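Treat the numbers as computed from the prediction; the structure is a model and nothing was measured. Atoms within a ligand are numbered from 1 in the order they appear, just like the ligands themselves.
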Amino acid sequence: MTNITPFRPVPLPFARPIRLGILISGGGSTLLNFLEKIDSGELSAEVPLVIASRPGCGGVSRARSAGLVCDVVERKSFPGTAEFSQAIFSKCRSARVELVVLAGFLNLIEVPDDFRYRVMNIHPALIPSFCGRGFYGFKVHEAVLARGAKVSGCTVHFADNQYDHGPILLQSCVAVADDDTAQTLAARVFAAECQAYPEAIRLYAAGRLEIAGQRVRVLEARQTAAAGKEGQKADEKG
Ligand code: GRF
């Protein structure tokens with residue numbers, strides 16, 4: 001058996017809001033859900049930066065209407081994935097982003113070492129089914145229905161350098177109904193996403209995740225109390 005040293009992201013000191021960098025390519029519905037959850041007090045976060053990979057996508061105007069900084073970084077402006085990713089993460093560093101959240105972001109990125117386990121993605125199916133290159137939007141739900149699956153759902157995972165890969169943090173299941181269309185199934189899955197993604201961010205910010213290889217353990221709140229005190233001490237020292 002291989003021995004894997006588990007990694008625990010540290011909790012935020014003083015339970016202050018986590019600084020999110022949100023990456024979008026489409027309508028920004030996941031972004032809007034975060035903003036609603038922040039407004040209602042269910043998610044302690046701020047959004048110093050949104051990056052869109054498509055200049056005309058609906059999410060750009062939605063983000064800017066909400067008063068957020070939204071930069072456009074197009075894949076075609078760069079020779080390769082490495083350069084494209086460097087441009088994105090350089091902006092994230094400048095904005096002091098703590099967690100990068102992919103929210104309907106359709107391009108592959110390479111996660112640099114300093115952002116390892118600091119990039120999350122949500123996929124609208126139960127990984128490892130119906131995921132990977134080409135599985136996005138309604139295509140995912142169409143494939144679920146075509147295969148006759150009885151359950152679907154959503155998966156929040158840490159992003160690595162492959163599509164819909166990386167350690168799984170949370171999954172939430174929904175039933176597939178006999179009369180479902182891709183649209184009705186997508187709506188049910190999205191309702192599950194709206195709970196699961198903020199929950200994953202809350203667990204991360206609270207230091208309640210332990211990653212070992214592809215497995216992520218969700219820790220009880222009390223298991224992180226000591227780690228929280230350490231973080232606080234470090235912060236007081238400046
Ligand atoms: C969500 O369903 C999410 O699962 C997927 O993209 C969808 C959000 O797209 N990754 P958008 O924000 O409306 O573009």
Side-chain angles (χ1 to χ4, degrees), residues 20-39 43 45 47 49-66 68-75 85 88 99-109 111 119-145 149 151-176 180-201 204:
L20 302 177
I22 300 183
L23 273 52
I24 60 172
S25 302
S29 50
T30 299
L31 166 66
L32 289 188
N33 173 54
F34 288 138
L35 298 181
E36 280 170 28
K37 294 287 188 291
I38 291 170
D39 279 352
L43 180 63
V47 184
L49 180 64
V50 176
I51 295 178
S53 65
R54 292 180 181 174
C57 72
V60 172
S61 49
R62 282 169 147 182
R64 290 183 182 153
S65 308
L68 302 176
V69 173
C70 180
D71 291 349
V72 175
V73 181
E74 283 186 273
R75 174 65 184 80
S85 307
I88 287 172
L99 181 67
V100 173
V101 182
L102 308 184
F105 189 72
L106 298 181
N107 297 92
L108 190 64
I109 45 170
V111 179
V119 183
M120 279 184 195
N121 183 40
I122 191 158
H123 181 70
L126 297 173
I127 291 175
S129 295
F130 310 109
C131 66
R133 195 186 186 96
F135 281 99
Y136 60 88
F138 286 121
K139 289 177 196 285
V140 177
H141 308 293
E142 281 159 6
V144 169
L145 293 175
V151 291
S152 190
C154 64
T155 303
V156 185
H157 65 97
F158 285 109
D160 57 13
N161 300 340
Q162 300 175 48
Y163 285 110
D164 302 327
H165 199 257
I168 293 173
L169 266 122
L170 285 182
Q171 291 188 302
S172 177
C173 296
V174 305
V176 177
D180 261 334
T181 61
Q183 284 74 13
T184 57
L185 180 57
R188 197 173 310 116
V189 169
F190 187 68
E193 291 181 36
C194 288
Q195 301 304 318
Y197 217 174
E199 173 64 6
I201 295 170
Y204 177 88

Stepwise side-chain contact (heavy atoms from CB on, under 4.5 Å) check, V111 with F158: CA-CA 10 Å; V111 179; F158 285 109; over 6 Å; no

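- For ligand 1 and G26, the ligand atoms under 4.0 Å from any heavy atom of the residue are 14 (O).
- Of the protein's non-hydrogen atoms, the one nearest atom 4 (O) of ligand 1 is E193 OE1, 2.8 Å.
- Those atoms of ligand 1 that come under 4.0 Å of a heavy atom in I122, given as number and element, are 3 (C), 4 (O), 10 (N).
- Interface of A103 with ligand 1, defined as ligand atoms under 4.0 Å from a residue heavy atom, comprises 12 (O).
- Although no hydrogens or angles enter the test, the distance criterion places a donor-acceptor pair under 3.5 Å between the side chain of T155 and the main chain of I127.
- Looking from atom 13 (O) of ligand 1 to the surrounding protein, the closest heavy atom is S29 OG, 2.5 Å.
- When the heavy-atom distances from atom 5 (C) of ligand 1 to G28, G59, C57, G104 are ranked, the shortest goes to G104.
- Residues satisfying the ring pair (Phe, Tyr, Trp, His ring centres under 6.0 Å) criterion with F105, sequence neighbours excluded, are absent altogether.
- Heavy atoms of other residues, nucleotides or ligands lying less than 6.0 angstrom from CZ of F190 number more than 12.
- Ligand-side atoms of ligand 1 in range of P124: 4 (O), range being under 4.0 angstrom from any heavy atom.
- Here is the list of ligand 1 atoms found below 4.0 Å of a heavy atom in T30: 1 (C), 8 (C), 12 (O).
- Looking at N33, its side chain does come within 3.5 Å of a backbone N or O of C194 through a donor-acceptor pair.
- A distance-only check finds no donor-acceptor pair linking the side chain of H123 to the backbone of G132 [under 3.5 Å].
- Here the protein heavy atom with the shortest distance to atom 14 (O) of ligand 1 is G27 N, 2.8 Å.
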side-chain contact (heavy atoms from CB on, under 4.5 Å) between L185 and V174, intermediate numbers included: CA-CA 9 Å; L185 180 57; V174 305; 4.2 Å; yes

